[in-house]
Number of protein chains: 2
Amino acid sequence: MKLLMSILKEHKLKVTPQRLTMMKIIREKGHIDIDQLYVNLKNEFPAISLSTLYKNVGQFLDNEIIREIAIPNHKNKYEISFDEHPHFICSECGNVRDLKFGDEVSVKIQNLTGEIKNISLNIYGNCC
Amino acid sequence: MKLLMSILKEHKLKVTPQRLTMMKIIREKGHIDIDQLYVNLKNEFPAISLSTLYKNVGQFLDNEIIREIAIPNHKNKYEISFDEHPHFICSECGNVRDLKFGDEVSVKIQNLTGEIKNISLNIYGNCC
DNA sequence: CTCTGTGCAAAGCGTTTGCAAACGA
DNA sequence: TCGTTTGCAAACGCTTTGCACAGAG
């Protein structure tokens, strides 16, 4: 598993304890929204401000260190960018479960004009 | 093509000129965000208010008359619910092109625990 | 030492709410 | 007539911005 520190350095972002902890929490939780992230960070940094979170989340997204998951009727969640994978999202509670391309889910695309940068496949169901 | 009026009636929503025009514009434009919708509606209803749009869009979504397309770094767009289909979304300008399940794109799902309500497949590329 | 990052307070902006009047059934 | 919808204004809440100080390199 890649060191969080080196990920920041690769993108020429300064290594701060706040950033490292943000990344650690996102990686541990798998999928987390701003508010949950804030609560978790408060434990370690009681003085941390929401604007720091927003600024860093913005930079992480710009640098594709994390990826944004849009969930209808819920706040966006974030995950560490690793491999592309589909999500199973609960329409009720917004819970996200990772699926796998390959054995579980496969997508076949033919005759598509235009370069593909990224595929987002969300399957909505109910886990409640 | 189904009458817009009867769609509203099916959902026990009152038929108002504002609603009919909203649906007409969304159907014509294919994919449209709140602001573009507002501008278009202003032509026909100079006094229409944004809150009317928000209220109706909310109701259309609740009743699944329209569907929401989340586009990173752009405002959500809306389309009339018809068949499920994948979208090709330009990462730069947010433009949306409809694709087809079947010949163009197919998804195979195996061993997935949990009922599937809905599948959203967005392919990101560049049209600029 | 220099430049970036942090925290705070305030501003900004899209969206929602409350209410009276208008309208649809 | 009765319940719903509309438009307006105000409230709301999330996100962004400006700035001074702190911290990383």
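Values reported hereafter were calculated over all heavy atoms of this structure, with side chains retained and with hydrogens, waters and symmetry mates removed. Below, chains carry the letters A, B, ... as their sequence lines are ordered, and counting in each starts from 1.
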Quick one: which protein N/O atoms are closer than 3.5 Å to N/O atoms of nucleotides 11-14 of chain C? Pair and distance per line, please.
none

Check this for me: A:K42, atom NZ, are more than 12 non-hydrogen atoms of other residues, nucleotides or ligands nearer than 6.0 Å?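 Yes - once you tally the heavy atoms of other residues, nucleotides and ligands closer than 6.0 Å, there are more than 12.
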Check this for me: B:K29, atom NZ, are more than 12 non-hydrogen atoms of other residues, nucleotides or ligands nearer than 6.0 Å?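 Atom NZ in B:K29 is not crowded, with 12 or fewer foreign heavy atoms closer than 6.0 Å.
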Show every donor-acceptor pair shorter than 3.5 Å between a side-chain atom in residues 45-53 of chain B and any protein atom, with sequence neighbours excluded, or say none if there are none.
| unit_1 | atom_1 | unit_2 | atom_2 | d |
| --- | --- | --- | --- | --- |
| B:S49 | OG | B:S51 | N | 3.0 |
| B:S49 | OG | B:S51 | OG | 2.7 |
| B:S49 | OG | B:T52 | N | 3.4 |

Sorted by number, the residues of residues 14-26 of chain A with heavy-atom contact under 4.0 Å to DNA chain D: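 Nucleic-acid contacts, sorted: A:K14, A:V15.
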Interatomic distance where CG belongs to B:L8 and C1' belongs to C:dA25 [whole Å]: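 Between C1' of C:dA25 and CG of B:L8: 14 Å.
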Taking only residues at least two apart or on different chains, which pairs with a member in residues 111-122 of chain A satisfy salt bridge (Lys or Arg N to Asp or Glu O under 4.0 Å)?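 The answer is A:K117-B:E92.
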Determine which pairs satisfy ring pair (Phe, Tyr, Trp, His ring centres under 6.0 Å) with at least one residue from residues 87-128 of chain A, sequence neighbours left out, and list them in order.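 Listed once each, the pairs are A:H31-A:H87, A:H85-A:H87.
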Of A:I34 and A:K55, the one whose closest DNA chain D nucleotide lies more 5':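 Looking at DNA chain D, the more 5' nearest nucleotide goes with A:I34.
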Just verifying a value: how many Å separate A:L121 CG and B:S120 OG, rounded to the nearest 0.5 Å?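 Those atoms lie 7.5 Å apart.
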So which of residues 41-50 of chain A are in contact with DNA chain C, with a heavy-atom cut-off of under 4.0 Å?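 Those residues are A:A47, A:I48, A:S49.
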OP1 or OP2 of D:dT5 sitting under 4.0 Å from any side-chain N/O of B:Q59?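 Yes.
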Think A:N56 has a side-chain N or O under 4.0 angstrom from the OP1 or OP2 of C:dT6?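 Yes, because at least one side-chain N or O of A:N56 sits under 4.0 Å from OP1 or OP2 of C:dT6.
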Hey, quick one: are A:I32 and A:I89 part of the same hydrophobic cluster, counting side-chain heavy atoms closer than 4.5 Å, chains of contacts allowed?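 No, no single cluster joins them.
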Of the nucleotides D:dT17, D:dT6, C:dG5, which one has an atom closest to the side chain of B:T52?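 Selected nucleotide (nearest to the side chain): D:dT6.
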